[in-house]
There are 2 protein chains.
Amino acid sequence: MEKNSLEGTANILKLMGDKTRLSMLGLLIKHDCCVCEFVEMFKMSQPAISQHLRKLKDAGLVKETRKGQWIFYSLNKDNQYYPLVQDVIKYIPDQEQKLILLQQQGLRISCD
Amino acid sequence: MEKNSLEGTANILKLMGDKTRLSMLGLLIKHDCCVCEFVEMFKMSQPAISQHLRKLKDAGLVKETRKGQWIFYSLNKDNQYYPLVQDVIKYIPDQEQKLILLQQQGLRISCD
DNA sequence: TCAGCATATAAGCATTTTATTATATAAGTA
DNA sequence: TACTTATATAATAAAATGCTTATATGCTGA
């Protein structure tokens, strides 16, 4: 088991200790998502979503990739805390339902 | 894998997302501890320690047992989030060193 | 019963967190 | 070029957090 520092781990747990961010991670472990999809799924303002993503990015948990006018977020599997994140996500309900719902509404952004 | 609710899990993660409480859990997974031991180990005021323990107790993560004038805290293994806690603690450094140090100072409370 | 130790609780305060609104930037398109 | 859409950032306000100090409670032992 790869050990991380106590303080570093606490910071990651605090980040994950918010239901919006935790759900985001649960989604991203399945599929990349863009900001507007999160806005739709969480029924939350665009700046609020943007700020949650910023925190995840500052911690190195996620990466962003621009695709045209959209910016897609994905999990950063190279982060030292990725195994912890993976492990924790096993304990939450599958978040994919949110994406399926989005698709049914025709609001899923496909990046082709 | 036993799934817990998203919100419940987020709350537990937020609780663990503080380095004092995370370390407490890392200690308690090894040994029961009383309040004055935590005060000594964390070099923190007694009320501050008491308040952290209260949060852990309110969440059902720990239990208390009075032994004479001392109150000993222990992990509540019956809590639905205990498996998550166990799993997360695998990622932090062993906290037992703090207890060994305490013992060397002759400040360990033995409950006989 | 009183004094002392261990612990909890309450109140106050500073800091942090998370949302909102307003505005800026960047890409796509007519 | 100008307009629209997607996103980020800044400023701010409200709420939550975590400490401090002061005080209360509950054992223990003289």
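Here is how names work: the chains are called A, B, and so on, in the same order as the sequence lines, proteins then strands, and each is numbered from 1.
- Regarding B/Glu37, its CD atom lies at a distance of 18 Å from the P atom of C/dC5, rounded to whole Å.
- Close to C/dT17, at under 4.0 Å from its OP1 or OP2, lies no side-chain N or O of A/His52.
- Neither OP1 nor OP2 of D/dT7 sits under 4.0 Å from any side-chain N or O of A/Arg66.
- Applying the 4.0 Å criterion to OP1 and OP2 of C/dT18, one finds that A/Lys55 has a side-chain N or O inside that range.
- With hydrogens and angles disregarded, no donor-acceptor distance shorter than 3.5 Å links the side chain of A/Asn4 to the backbone of A/Thr9.
- The shortest distance between the side-chain N/O atoms of B/Lys14 and the OP1/OP2 oxygens of D/dT17 is below 4.0 Å.
- Here the P atom of nucleotide C/dC13 and the CD atom of B/Gln51 are 16 Å apart, to the nearest Å.
- In terms of position along DNA chain C, the nucleotide closest to A/Pro47 lies nearer the 5' end than the nucleotide closest to the other residue of the pair A/Pro47 and A/Gly68.
- Nearest nucleotide to the B/Asp18 side chain, out of D/dG18, C/dA10, C/dC5: D/dG18.
- Taking only side-chain nitrogens and oxygens, A/Ser45 comes nearer than 4.0 Å to OP1 or OP2 of C/dT20.
- Taken to the nearest 0.5 Å, the OH atom of A/Tyr82 stands 11.0 Å off from the CG atom of A/Asp87.
- The side chain of B/Tyr73 contributes no N or O atom lying less than 4.0 Å from OP1 or OP2 of C/dA6.
- Residue B/Arg54 places at least one side-chain N or O under 4.0 Å from the OP1 or OP2 atom of C/dT9.
- Between A/Lys57 and D/dA8 there is no side-chain N or O to OP1 or OP2 distance below 4.0 Å.
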